**Student:** 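Here it is, the structure, as structure tokens.
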Amino acid sequence: MTNLKQAILQGIPSELPTKRNINTSVSHAPNRKNILNKEEKQLAIRNALRYFPEHMHTVLAPEFAEELKTYGRIYMYRFMPDYEIKARHLEDFPHKSKQAASLQMMLSNNLDEAIAQHPEELITYGGNGSVFQNWAQYLLCMQYLAEMNDEQTLVLYSGHPMGLFPSHKDAPRVVVTNGMMIPNYSKPDDWEKFNALGVTQYGQMTAGSFMYIGPQGIVHGTTITLLNAARKIDARAEDLSGKIFITAGLGGMSGAQPKAGVIAKGICIVAEINPQATYKRHEQGWVDEVYKDLDELLDRAITARTNKEAVSIAYDGNIVDLWERVVERNIHIEIGSDQTSLHNPWAGGYYPVGMSYDAANEMMANNPEEFKKEVQKTLVRHTNAINTLSDRGMYFFDYGNAFLLEASRANADILKPNGDFKYPSYVQDIMGPMCFDYGFGPFRWVCGSNDAKDLAITDRIACEVLEKLMQDSPDEIKLQMSDNINWIKAAGENKLVVGSQARILYADAEGRMKIAEAFNNAIADGTLSAPVVLGRDHHDVSGTDSPYRETSNIYDGSQFTADMAIQNVIGDSFRGATWVSIHNGGGVGWGEVINGGFGMLLDGTADSDRKLKSMLFWDVNNGISRRSWARNKEANFAIKRAMKMNPDLKVTMPNTADDSLINSLDL
Ligand SMILES: NC(=O)c1ccc[n+]([C@@H]2O[C@H](COP(=O)([O-])OP(=O)(O)OC[C@H]3O[C@@H](n4cnc5c(N)ncnc54)[C@H](O)[C@@H]3O)[C@@H](O)[C@H]2O)c1
């Protein structure tokens with residue numbers, strides 16, 4: 001048996017391992033606020049000690065107290081394993097169940113140092129998107145996965161492995177809940193408190209559900225958004241070519257914008273105030289050119305538009321200076337957006353104009369009140385420039401970063417007379433009606449062999465399936481099909497893989513089922529060397545209820561309900577998912593969204609074939625039926641098509657009330 005297998009099977013060691021210092025070469029989570037009173041701190045330490053035999057307590061109790069004092073959390077650094085945590089071939093993980101091995105592969109990828117934002121605090125992305133709360137939970141979970149069989153289910157409560165429960169072979173191997181709270185206890189400080197007590201965690205979307213696949217997901221989503229934004233403003237446009245898109249931010253997610261802009265064949269200008277972020281993205285090849293001089297930059301962009309060049313250009317400076325120079329020079333810009341971190345405006349998410357990055361950071365630490373005023377003044381100027389350019393014909397959309405909300409709080413001129421925002425969000429205008437309502441969403445897969453050769457074969461298979469389907473596709477979805485065919489053809493050469501051998505593309509229910517079926521056949525006949533894991537981002541058709549993002553284009557009042565996400569995960573669990581997950585929080589914040597997802601191992605068997613057909617059909621059509629009931633016409637079209645495909649599907653269809661009748665009522 002390999003050392004890795006032995007270490008995993010050992011679980012929590014019976015003898016105390018030597019104390020470890022944190023690794024200073026990796027990024028660490030910020031220290032969390034000291035929110036617990038003395039009794040609560042004692043409770044947090046008692047809670048942490050539950051994982052360990054009594055003979056360790058005299059050493060561990062003061063150590064955990066120190067962690068709680070220093071970091072605001074108890075991570076149990078001493079128990080970090082010595083081996084490298086990363087995705088490997090399924091057979092490299094100890095297992096009695098292949099399905100359980102696939103979970104070990106996926107969760108290891110989420111904690112890989114090359115992938116995770118703060119690996120030693122078990123955080124994959126988004127600042128607080130946890131896989132587990134502490135290292136004891138990781139060790140115990142891996143041990144359970146190594147020992148379990150196909151008639152057991154592992155139950156995870158916010159990272160805590162409650163244990164293995166007898167079930168049956170068609171049941172999920174793992175059921176994950178993250179951050180589920182009694183609704184009255186879902187404010188941001190509730191997360192701080194109950195996470196510090198060690199009884200809940202923020203799983204984001206794909207962090208605590210083991211489905212994160214590195215930056216590829218965000219590049220694809222941004223590419224699809226930009227292609228469809230271009231078509232929205234120009235019915236003859238196939239892509240972004242000959243159009244200028246201006247935005248801000250070259251950080252974690254926003255750094256995908258220039259790469260996606262070039263894949264969409266456009267001219268993408270991105271302002272970034274932090275020179276380190278700008279030059280890092282330039283070195284990585286994610287942005288082509290960097291300018292400090294605004295006029296040189298704008299001249300370059302105009303030449304690129306004339307020549308229909310696809311190029312990404314960074315402005316090393318503040319976005320407001322860029323927008324105001326564009327206004328002064330009266331340059332026509334086709335599309336505008338923003339991806340500064342305005343969900344976090346007072347603590348470094350958004351930098352005021354007229355001062356350097358370092359000066360702003362100093363003001364933020366030493367004079368937070370003044371900093372707040374400068375941020376709000378900047379937001380007013382930012383909005384004025386966008387308003388002027390929009391009056392001249394630019395299409396502007398909010399990219400899910402709370403730009404509209406914070407601009408309105410700063411009293412910028414961002415509201416219509418009726419109190420609505422002047423601009424739409426990307427889901428209201430683009431993703432919702434053009435993708436989600438038709439069932440198109442972020443389907444993904446990961447090769448269990450961890451071999452790039454297998455990934456290339458899956459790319460080819462997926463492309464063949466989509467090309468075949470496109471021959472009979474209705475006009476309404478042809479463009480989505482061809483975008484994803486183009487994406488998958490170029491995916492290999494775009495070198496998007498970091499960590500596990502994974503791929504994403506947008507597909508509807510039929511596309512997802514047909515691709516999955518073809519993979520299952522290829523595993524059965526040996527074309528693929530190992531099983532494949534299927535999954536998706538929670539940011540999808542059916543998985544997420546979030547009134548200002550995924551369900552912002554639901555207008556029947558139900559955008560504030562969460563029945564869809566809960567129904568989805570329950571439905572997936574009895575139709576064949578290998579694991580299911582449901583989370584409070586993710587993207588827009590704790591208490592603001594409920595989101596869920598699944599993972600499914602395809603192993604080339606008839607059982608897999610049955611499960612994939614049953615579960616994927618439900619996983620997409622649940623959300624389409626809800627979108628159709630909300631009277632979204634694209635979803636109406638898609639659900640009627642689904643009912644024709646499967647006569648066992650019978651969905652309640654809405655009747656439409658006449659506007660003049662409603663308006664004539666004496667209310
Ligand atoms: N890409 C998507 O699909 C998507 C989807 C939903 C939400 N978002 C939102 O986008 C935002 C950005 O996410 P991220 O992970 O890239 O965050 P991040 O903090 O890593 O990056 C934001 C960048 O903006 C820069 N910045 C801030 N103020 C600036 C200014 N005035 N001028 C120029 N640059 C400035 C910062 O220096 C930083 O590098 C978040 O609010 C996120 O929730 C993105």
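Atoms within a ligand are numbered from 1 in the order they appear, just like the ligands themselves. All figures in this text were calculated on a predicted structure; none of them were measured in a lab.
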**Student:** Suppose we screen for salt bridge (charged side-chain N to carboxylate O under 4.0 Å, His left out). Which residues come up paired with E369, at least two apart in sequence or across chains?
**Tutor:**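 So E369 forms no salt bridge (charged side-chain N to carboxylate O under 4.0 Å, His left out) with any residue.
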
**Student:** Between atom CZ of R281 and atom OG of S254, what is the distance when rounded to the nearest 0.5 Å?
**Tutor:** 7.0 Å

**Student:** Would you call R329 and D299 a salt bridge, using N to O less than 4.0 angstrom?
**Tutor:** yes

**Student:** Run through K243, R231, R305 and flag the one making a salt bridge (charged side-chain N to carboxylate O under 4.0 Å, His left out) with E334.
**Tutor:** R305

**Student:** Hey, mind stepping through K489 and D459 against salt bridge (Lys or Arg N to Asp or Glu O under 4.0 Å) and telling me if it holds?
**Tutor:** CA-CA 7 Å; K489 280 185 175 157; D459 284 350; over 6 Å; no

**Student:** Would you check ligand 1 and list the protein residues that come within less than 4.0 Å of it by any heavy atom, ordered by chain and number?
**Tutor:**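 For ligand 1, the residues that come within the 4.0 Å heavy-atom cutoff are I218, G249, G251, G252, M253, S254, A271, E272, I273, N274, G317, N318, I319, Q339, T340, S341, H343, G349, Y350, Y351, Y399, G400, N401, Y426, R549.
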
**Student:** Can a salt bridge be assigned to the pair E192 and R32 using a cut-off of 4.0 Å between side-chain N and carboxylate O?
**Tutor:** no

